[in-house]
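A quick write-up on the structure given underneath.
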Amino acid sequence: MRFSKLFGKTLRQAPAEAESVSHQLLVRAGMIAQEAAGIYSYLPLGWRVLRKIENIIREEMDKAGGQELMLPILQPFELWQQSGRHGSFGKSLFTLTDRKEHTLALGPTHEEVITDLVHRYVQSYRELPLLLYQIQVKLRDEPRPRGGLLRVREFIMKDLYSFDADEAGLDESYRKMCQAYNNIYSRLGLPTLMVEADSGAIGGKESHEFMVLTEDGEDEVIYCSNCGYAANVEKAQFAKAVILSEAKNLLPLQEIATPETETIEQVASFVGVPTSQTLKAVFYFADGEFVFVVIRGDLDVNETKLRNVLKCSELRLATEGEVSGAGLVAGFASPIGVKGLKVVADDSITLGSNFVVGANKPGYHLRNANFPRDFQVDIMADIALARAGAGCLKCGAELASARGIEVGHVFKLGTFISEKFGAYFLDSEGKSRPIVMGCYGIGLGRLLAAIVEQSHDDKGVIWPLSVAPYHVYLCPLQLDKPAILPTAEKIYQQLQKEGIEVLYDDRDESPGVKFNDVDLLGIPLRLTLSPRTLQGQSIEAKWRTEKKARLLPLDNLAAEVKQLLSG
RNA sequence: CGGGGUGUAGCGCAGUGGCUAGCGCGCAUGGUUUGGGACCAUGAGGUCGGUGGUUCAAAUCCACUCACCCCGACCA
């Protein structure tokens, strides 16, 4: 490719709205351009990178036994009613109305379509297992697109769906996919961490995410460097310390005046106990129902866990008005004596005794509250948020925290979707059983952005060879000097003839401009031809990742370059 | 949806009521340059996000509205 003909120019300054490193660099390099919030065009260079990522993914999916197909983006809304997931996807589901006033959804994912498809074709266990995948555009009306390509509303995603006869088959498909994912990340030069995850709106049981650890990641990962336990904070479990009160026995309830103590910290220090000796009350609205949540004072509520135990789709904190409307006194609320409200407790309230709780009247708390002596709960579960410093549930070592970009997510779906769509098969004994499903997604654009986030310097992007838009940047200097241009042209032809991907900078620009552009674009190997090098019948070769250059003889250059690229 | 911010040339920005809206980069033409974002000259490029209002006069003041960004909520 001749640089002079390339569509998309490099920019010295990134647009003001670009905040994340990958967003800035990709825009400055002329690889992507924003059209609207969370909607981007890929320019030729960016598209080349994306297609390379796509091909690597495709190769690994095929190697794992996947079969590629193409599914519709326009989907009958009825499919979503049939699966019941229109509720869990909620407003993220784009919908439109056709001329016959029929509602269609723009596919945010394709479990519905593929299960509906598979149920019409698969009738026997002999046809299983089946691994089907697609690489195509998905649309989600995200509440807040952000970070350039990191979170968008229109994106290209590889999604593979596995169909197995039983749980053991699913386990095998799941294992294969995890292996394929690790192959993909390794070919992309992207270190990832596999973490336990919540399955969210997709649904299902076991689920893992693949995280690229970086400070600007939007997810938080809790991990144990001793035993290797790692989980998204949404899912992370931890060992809750057992708190022993000074008194060994359960003491009688005692009301105490606690003026102007609204927060747990104020209450604890006023009464003279640690926060772990108190109980905290938090109020939510879950699908329109008021919920009273109680948790030990030193812990916080994990809203994802709470959502899961409540099996609700919409969850938010209750407003002050709703709290007082429920007959509660904010800041002094108490689980003791509540009537007619759903009470959810974290199991930490059983790991201690003689707690301080609100008295449900302003300015007063109660000492020595004990469960279940003094109050009852409707649901007791782990709904606590893990934090760095807590103990690992598996080995007891101290947990740590890091931020990450989610570049892959795999789910064991089970049979809930196949049952809804009547995707049953006959097993070897002639018995009808639902197909056991899994799904495995990778966002290509996010992957591209994650590579940049994780591989760049102050000059620009540093592409790994496997996805670089071009492998070689051919850079003649002083084009008006004798023999420079003809020699460069000849080299360009030779390299192309040998199948080397070369970006030929035929522009009449100063050396500084060219060098800065190639660094920004992140092309791995730079070949510089100047009167100086030409005098010795040589050309200078320099890797993007290295400071030092070396001279290569001009004759047999293509072979030399090939050697360098393969080595 | 709550909080904060920004909309002036392709990009970055200046311009707090005054008549012809500027600067840098980029772009075009000519010339001089050439190993890390050269220089000179000339030039093209603007419904100042939109609508309505106040005023003799609005990029500038007021109201409404739209778009985009950040934090939170939410979300693979």
Side-chain angles (χ1 to χ4, degrees), chain A residues 8-20 23-24 27-28 30 33-39 85 88-93 107-111 138-148 150-153 155 157-159 197-204 207-211 216 218-219 232 234 284-285 303-304 307 312-317 319 405-411 439-447 458-460 475-481 484 507-520 526 528-534 539-540 542 547 549:
Chain A
K9 69 174 73 170
T10 56
L11 301 176
R12 285 202 200 188
Q13 283 165 308
E17 69 245 25
E19 181 99 347
S20 71
H23 191 190
Q24 291 187 359
V27 171
R28 282 189 55 211
Q34 183 169 13
E35 192 52 51
I39 302 176
R85 294 204 305 174
S88 49
F89 264 88
K91 286 186 171 169
S92 294
L93 191 63
T109 177
H110 287 72
E111 285 82 10
K138 311 227 172 186
L139 296 129
R140 293 182 193 178
D141 196 358
E142 292 288 339
R144 183 151 88 87
R146 70 184 105 182
L150 287 173
R151 181 166 218 89
V152 293
R153 294 191 293 172
F155 54 102
M157 179 168 165
K158 185 285 302 174
D159 223 355
D198 180 68
S199 56
I202 297 287
S207 174
H208 288 88
E209 288 165 332
F210 294 81
M211 294 284 188
D216 298 323
E218 58 176 346
D219 286 292
N232 189 310
E234 293 176 344
Y284 286 92
F285 248 75
E303 294 187 0
T304 303
R307 182 189 310 276
C312 66
S313 62
E314 198 191 336
L315 181 74
R316 60 170 176 81
L317 284 169
T319 64
I405 300 170
E406 177 195 345
V407 291
H409 200 158
V410 296
F411 305 79
C439 73
Y440 316 84
I442 288 187
L444 275 68
R446 182 182 285 182
L447 203 45
D458 56 341
K459 290 285 195 179
C475 180
L477 300 179
Q478 303 183 46
L479 302 189
D480 55 340
K481 291 286 162 31
I484 290 287
R507 300 174 304 167
D508 187 15
E509 288 287 354
S510 69
V513 170
K514 293 187 170 188
F515 291 158
N516 279 297
D517 273 347
V518 64
D519 285 348
L520 177 58
R526 185 182 89 190
T528 308
L529 183 74
S530 70
R532 219 157 71 192
T533 69
L534 187 55
I539 194 165
E540 180 197 272
K542 179 191 161 302
K547 274 239 170 319

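Keep in mind that what you see is a predicted model, and the values were worked out from it rather than measured. So you know, we letter chains A, B, ... as the sequences are listed, proteins then strands, and number each from 1.
No hydrogens or angles considered: nothing links the side chains of A/D216 and A/S20 as a donor-acceptor pair under 3.5 Å.
Side-chain atoms of A/P511 lie closest to B/rG35 of the nucleotides B/rC74, B/rC70, B/rG35. With B/rC68, B/rG37, B/rA76 as the choices, the nucleotide that has an atom nearest any side-chain atom of A/V513 turns out to be B/rG37. Closest to the side chain of A/K542, from the set B/rG36, B/rC70, B/rC74, is B/rG36. Set against B/rU34, B/rG35, B/rG12, the side chain of A/Q13 has B/rG12 as its closest nucleotide. Across B/rA76, B/rC74, B/rC75, the shortest atom-to-atom separation from the side chain of A/R446 is found for B/rA76. Nearest nucleotide to the A/E17 side chain, out of B/rC11, B/rC69, B/rU34: B/rC69. The side chain of A/Q34 sits closest to B/rC68 out of B/rG26, B/rG72, B/rC68. Of the candidates B/rA73, B/rA38, B/rA76, B/rA76 carries the atom nearest the A/R151 side chain, counting heavy atoms from C-beta on. Taking every side-chain heavy atom of A/T528 into account, B/rG35 is the closest of B/rG26, B/rA76, B/rG35. Listed nucleotides: B/rU34, B/rG35, B/rC11. Nearest to the side chain of A/R532: B/rG35.
B/rA28 and B/rA44 are spaced 7 Å apart, taking the C1' atom of each and rounding to whole Å. Atom C1' of B/rA38 sits at a distance of 43 Å from the matching atom of B/rG50, rounded to the whole Å. B/rU33 and B/rU6: their P atoms are spaced 48 Å apart (whole Å). Taking atom C1' on both nucleotides, B/rC75 is separated from B/rG17 by 47 Å, rounded to a whole Å. Here the separation of B/rG26 from B/rA21, taken at their P atoms, is 25 Å to the nearest Å. Between the P atoms of B/rG49 and B/rA67, the separation comes to 16 Å (whole Å). For the C1' atom pair drawn from B/rG72 and B/rC25, the interatomic distance equals 36 Å after rounding to whole Å. B/rC71 and B/rU29 are spaced 43 Å apart, taking the P atom of each and rounding to whole Å.
Across all strands shown, B/rC48 forms no Watson-Crick or G-U wobble pair with both key distances under 3.5 Å. B/rC1 is paired with B/rG72 under the Watson-Crick or G-U wobble criterion, all donor-acceptor distances under 3.5 Å. Summarising the base pairing, B/rC13 is matched to B/rG22 through a Watson-Crick or G-U wobble pair whose two defining distances lie under 3.5 Å.
Rounded to a whole Å, the CZ atom of A/R507 is 14 Å from the C1' atom of B/rU34.
In this model, the phosphate group of B/rG12 is not approached by any side-chain N or O of A/R12 to a distance below 4.0 Å at OP1 or OP2. In this structure, A/R144 reaches the B/rC70 phosphate: one of its side-chain N or O atoms is under 4.0 Å from OP1 or OP2. Side-chain N/O atoms of A/R28 include none lying less than 4.0 angstrom from OP1 or OP2 on B/rG37. Using a 4.0 Å cut-off, no side-chain N or O of A/S530 falls inside it from OP1 or OP2 of B/rG35.
Taking both residues in full, the closest heavy atoms of A/R307 and A/L315 are given as NH1-N, 3.7 Å, listed atom of the first, atom of the second, then distance.
Within 4.0 Å of A/L477, counting heavy atoms only, lies at least one base atom of the nucleic acid. Using a 4.0 Å heavy-atom criterion, one finds that A/A36 contacts the sugar-phosphate atoms exclusively. Across all strands, A/G443 comes closer than 4.0 Å to base atoms (heavy-atom distances).
With centroids closer than 5.5 Å and planes inclined by less than 30 degrees as the test, A/F155 and the base of B/rA76 pass as a stacked pair.
A cation-pi arrangement, defined by a distance under 6.0 Å to the six-membered ring centre and an angle within 45 degrees of its axis, is absent between A/R446 and A/F155.
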